[in-house]
**Student:** 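My questions all concern the structure below.
Since the structure is predicted, the reported quantities are computational estimates derived from the model, not experimental observations. Just so we're on the same page: letters track the sequence lines, and every chain starts at 1.
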Protein chains: 2
Amino acid sequence: MNVAERSERMKQALRDAGVRMTRQRQALLRVLATAEDHPNAVELHRRVESQVPGISLSTVYRTLAALEEQGVIHRHQFEGTPARFEHSETEHHDHMIDIDTGKVVEFCSDRIERLQAEIAAELGYDIVHHRMELYVRKKKRT
Amino acid sequence: MNVAERSERMKQALRDAGVRMTRQRQALLRVLATAEDHPNAVELHRRVESQVPGISLSTVYRTLAALEEQGVIHRHQFEGTPARFEHSETEHHDHMIDIDTGKVVEFCSDRIERLQAEIAAELGYDIVHHRMELYVRKKKRT
DNA sequence: ATGGCTGCAAAGTGTTTGCATAGAC
DNA sequence: GTCTATGCAAACACTTTGCAGCCAT
């Protein structure tokens with residue numbers, strides 16, 4: 001899980017797509033490659049600002065849109081919160097959100113994915129993408 | 001699936017909760033009870049206006065919030081669209097959204113639900129609610 | 001050099017809220 | 001009569017956009 005490598009791969013993917021490599025973008029890529037959580041645009045802006053003082057929030061938004069378009073990052077729209085982002089070098093997974101703490105846990109189930117595909121197929125559809133979120137609460141031990 | 005009955009039951013649930021029954025609310029309840037689709041606030045406002053001319057959009061929003069709080073309706077936040085609503089007398093189900101047409105298909109899988117509960121339980125969580133959306137496209141026959 | 005990228009401010013979209021009045025109980 | 005619900009307009013949170021100058025290529 002080498003962060004520098006990951007950042008480099010993301011950069012390369014963009015260059016290949018003919019996207020210009022500005023200071024702002026390099027910094028945002030680095031922040032995204034490093035992030036272990038699921039930060040939103042404002043939080044990303046905050047983190048990038050230490051590397052590129054004065055970078056504007058619109059640039060962050062614009063760059064995020066571009067990165068999403070290139071498939072380099074994923075955008076998640078959880079309930080009642082601004083959009084959150086994560087680099088897409090992670091394996092595909094879904095999210096469990098602790099409604100008390102806001103903590104996000106990743107998980108993946110091949111069996112569920114298979115069932116989803118089956119259900120769609122039965123109705124004559126192909127799944128382009130899906131979204132599955134479990135809003136959960138710590139089991140109370142009684 | 002009697003619409004009048006459904007509307008009546010929703011009304012009763014509200015009265016029991018001590019919510020005042022205004023013309024506006026009765027009309028909105030009627031529209032919601034009748035709706036076969038998943039209308040958003042603006043569309044609901046449009047439909048209610050024929051019964052209560054001059055009703056304001058804020059009233060629709062406020063009433064929807066109240067109805068949701070009472071558990072009488074559900075709010076769905078699909079990707080890139082305003083929130084959509086449906087009365088909660090339907091059985092629990094999830095949604096498949098045709099990304100080309102916007103059409104919403106309902107479906108339900110006990111097996112998936114069971115797997116979800118298992119996964120959450122393994123990590124020490126109870127599911128409070130979940131959200132599963134399949135963004136699909138008609139299979140092309142080649 | 002040129003055309004995409006940036007910062008700024010302004011606009012946009014969907015939704016919520018403060019206030020004075022109207023109307024359900 | 002009381003107190004909640006309404007309509008209006010203004011505020012809100014998040015995100016996008018128009019524009020003039022900047023900078024990667």
**Student:** Quick check for you: to the nearest 0.5 Å, what is the distance between A:Arg84 atom CZ and A:Ile97 atom CD1?
**Tutor:** 8.0 Å
**Student:** For A:His92 together with A:His130, are the ring centres under 6.0 Å from each other?
**Tutor:** yes
**Student:** Thinking salt bridges, do A:Arg114 and A:Glu118 make one under a 4.0 Å N-O criterion?
**Tutor:** no
**Student:** With a 4.0 Å cut-off, would you call A:Arg46 and A:Glu43 a salt bridge?
**Tutor:** yes
**Student:** Rounding to a whole Å, what distance do you find between B:Glu79:CD and D:dT15:P?
**Tutor:**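 Rounded to whole Å, this separation is 14 Å.
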**Student:** So that I can tick it off, tell me whether B:Arg47 and B:Asp37 are bridged by a salt bridge, with the cut-off set at under 4.0 angstrom between side-chain N and carboxylate O.
**Tutor:**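 Looking at B:Asp37 and B:Arg47, the cut-off is met.
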**Student:** Can any side-chain N or O of B:Ser7 pair as donor or acceptor with the backbone N or O of B:Val3 at less than 3.5 Å?
**Tutor:**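 Such a contact is absent between B:Ser7 side chain and B:Val3 backbone.
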**Student:** Nearest whole Å is fine: how far is D:dG7 C1' from B:His45 NE2?
**Tutor:**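 Those two atoms, NE2 and C1', are 10 Å apart.
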**Student:** How about A:Arg111: does its CZ atom have over 12 heavy atoms from other parts shown lying under 6.0 Å from it?
**Tutor:**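 No, the 6.0 Å shell around CZ holds no more than 12 heavy atoms from other groups.
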**Student:** Any carboxylate oxygen within less than 4.0 angstrom of a Lys/Arg side-chain nitrogen, looking at A:Glu133 and A:Arg131?
**Tutor:**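 Answer for the salt bridge query: yes.
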**Student:** Rounded at 0.5 Å granularity, tell me how far CZ in A:Arg75 sits from CD in A:Glu69.
**Tutor:** 10.5 Å
**Student:** Taking OP1 and OP2 of D:dT4, is either one under 4.0 Å from a side-chain nitrogen or oxygen of B:Arg25?
**Tutor:** no
**Student:** Can you give one letter per nucleotide of nucleotides 13-18 of chain C, going 5' to 3': B for a protein heavy atom under 4.0 Å from the base, S for sugar-phosphate only, - for none?
**Tutor:** -SSBBB
**Student:** A:Glu68 CD to D:dT16 C1': how many Å, rounded?
**Tutor:** 14 Å
**Student:** Check the distance between C:dG4's P and A:Glu69's CD and give it to me in whole angstrom.
**Tutor:**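 So the CD-P distance, A:Glu69 to C:dG4, works out to 14 Å.
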**Student:** Less than 4.0 angstrom between a side-chain N/O of A:Ser56 and OP1 or OP2 of C:dT6, yes or no?
**Tutor:**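 No, because none of the side-chain N or O atoms of A:Ser56 sits under 4.0 Å from OP1 or OP2 of C:dT6.
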**Student:** In whole angstrom, give the distance that lies between atom CD of A:Gln70 and atom C1' of C:dG4.
**Tutor:**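 So the CD-C1' distance, A:Gln70 to C:dG4, works out to 14 Å.
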**Student:** Treating primed atoms plus P, OP1 and OP2 as sugar-phosphate and everything else as base, which nucleotides of nucleotides 20-25 of chain C get B, S or - for protein heavy atoms under 4.0 Å?
**Tutor:** ---BBS
**Student:** May I ask you to decide if the ring planes of A:His76 and A:His74 are parallel, tilted or perpendicular, using 30° and 60° as cut-offs?
**Tutor:** tilted
**Student:** Could you tell me the separation between the CD1 atom of A:Ile55 and the C1' atom of D:dC23, rounded to a whole number of Å?
**Tutor:** 15 Å
**Student:** Here's one to test your reading of the geometry: is the NZ or CZ of B:Lys138 within 45 degrees of the ring axis of A:Tyr125 and under 6.0 Å from its centre?
**Tutor:**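 Yes, a cation-pi geometry.
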**Student:** How sharply is the helix from C:dG12-D:dC14 to C:dC25-D:dG1 bent, taking the axes over five pairs at either end and rounding to 10 degrees?
**Tutor:** 30°
